[in-house]
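One structure below.
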Amino acid sequence: MRNLKELVRPNILKLSPYSSARDDFKGDASIWLDANENPFGELNRYPDPYQRELKKILAKYNDLKTTQLFVGNGSDEVIDLLFRLFVKPGADKALTFSPTYGMYRVSADINDAQLIEVPLNNEFQIDLNETIPYLDDPNLKLIFICSPNNPTGNLLRNEDIEELLGRFDGIVVIDEAYIDFADAPSWNKRLEEFDNLIVTQTFSKARGLAAARLGIAFANPSIIEFLNKLKPPYNVSTLNQAAGYRSMKNQREFELQIERIKLERSKLIDELKSISIVKRIFPTDANFTLVEIENATDIYLQLTQKGIVVRDRSKLIPNTLRISIGTTTENNLLLNELKQLAS
Ligand code: PMP
């Protein structure tokens, strides 16, 4: 990796971050008159700005140090902060592999960054020959790799990711929002090997806490320090930190839910295969499946009229619907409607 100081935006290098009341005084006390809080009520105190309890349990679970962890208000906040940390508006670039998660494009646009979109190949894998020529551009700062990829559902090959991590002297972000549904270890096990690696995960999928808005970045401590300087002081609420902590304490429930969702996924895929209008089911390592279907947009509209909402991804990949795995009842209702539409 290039020296981190060459990658970080010059204004961020110079930034003196906001120092909150909880930064200025960190010890124990019984009378808190420093943050203009209301002395009455249950949620009257600001949250821990660094989510220490949550990070301790996350660090233990992932076999990492708390200094290698950042917690954001959803991983969408993390994506935006990474643009703000590394990408100079109007000058720098980021790169993604399309089709992929739409927020990389939105964050790039918000931050006035050029986004290079390299198409995935026919198997929805990275095309290294197409990608390598971009890597020497000194203005290319960030590469986003979504694995398992949204909306295609598949994991991206380790060999290709390794090659990019080794060749590129900027930052490689691996978005693992769906990793818990895949039979593959997290790339966060390899942080020591690649100092340009940032791995993001979320509590919104396998942990069932989309409402709580909790995202994680795993990276080397010098990158984490910059993210801490950049973030809004109290970016994760006390309620949400507690929800994340409870989920980490309840591993059994988490594991059971993943098993159920994976079982439902294979049942749904088996049933979909027998429906005539379903032309192709793409292999998935996530809690959704991408399906090629005759007249997908029509089918999508007809399903909505029955109160069933899937995601029409036809603009990204012709005639495709992305179906999230629901409960047995929900999946069966969907299958019944699809069978009727096919007959
Ligand atoms: N990354 C990917 C690949 C996603 O699909 C999503 C949510 N759809 C996110 C990140 C955002 O997750 P969060 O709820 O943590 O902001």
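Counting starts at 1 for both ligands and their atoms, following the listed order. Reckoned from all heavy atoms, side chains included, excluding hydrogens, waters and symmetry mates.
- Contact check for F83 versus I110: no side-chain heavy atoms found under the 4.5 Å cut-off.
- In this structure, atom 16 (O) of ligand 1 lies nearest to the protein heavy atom R213 NH2, 2.7 Å.
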Stepwise ring pair (Phe, Tyr, Trp, His ring centres under 6.0 Å) test for Y178 and F288: CA-CA 9 Å; Y178 301 98; F288 57 84; 5.0 Å; yes
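- Counting only heavy atoms of the protein, atom 12 (O) of ligand 1 lies nearest to S75 OG, 3.1 Å.
- The side-chain heavy atoms of W187 and E162, taken from C-beta on, include a pair separated by under 4.5 Å.
- For the pair K56 and Y245, the cation does not sit on the ring face, since its NZ or CZ is not both under 6.0 Å from the ring centre and inside 45° of the axis.
- The protein heavy atom nearest to atom 1 (N) of ligand 1 is D175 OD2, 2.7 Å.
- Using a 4.0 Å cutoff on heavy atoms, Y178 counts as a contact of ligand 1.
- Interface of G74 with ligand 1, defined as ligand atoms under 4.0 Å from a residue heavy atom, comprises 15 (O), 16 (O).
- For ligand 1, the atoms closer than 4.0 angstrom to any heavy atom of C146 are 3 (C).
- Atoms of ligand 1 lying under 4.0 Å from any heavy atom of A177, numbered from 1 in the order shown and given with element: 1 (N), 2 (C), 3 (C).
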Check against salt bridge (charged side-chain N to carboxylate O under 4.0 Å, His left out), R105 and E117: CA-CA 9 Å; R105 156 65 60 200; E117 294 188 54; 2.8 Å; yes
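- The contact set between ligand 1 and S204, taken as ligand atoms under 4.0 Å from a residue heavy atom, comprises 13 (P), 14 (O), 15 (O).
- Among protein heavy atoms, atom 7 (C) of ligand 1 sits closest to K205 NZ, 3.2 Å.
- Transitive grouping of hydrophobic side chains (ILVMFWY, heavy atoms separated by less than 4.5 Å) keeps F86 and L115 in distinct clusters.
- At a heavy-atom cutoff of 4.0 Å, ligand 1 is contacted by no atom of E77, backbone or side chain.
- Ring geometry, Y104 versus Y101: the interplanar angle exceeds 60°, so the pair is classed perpendicular (tilted spans 30 to 60°).
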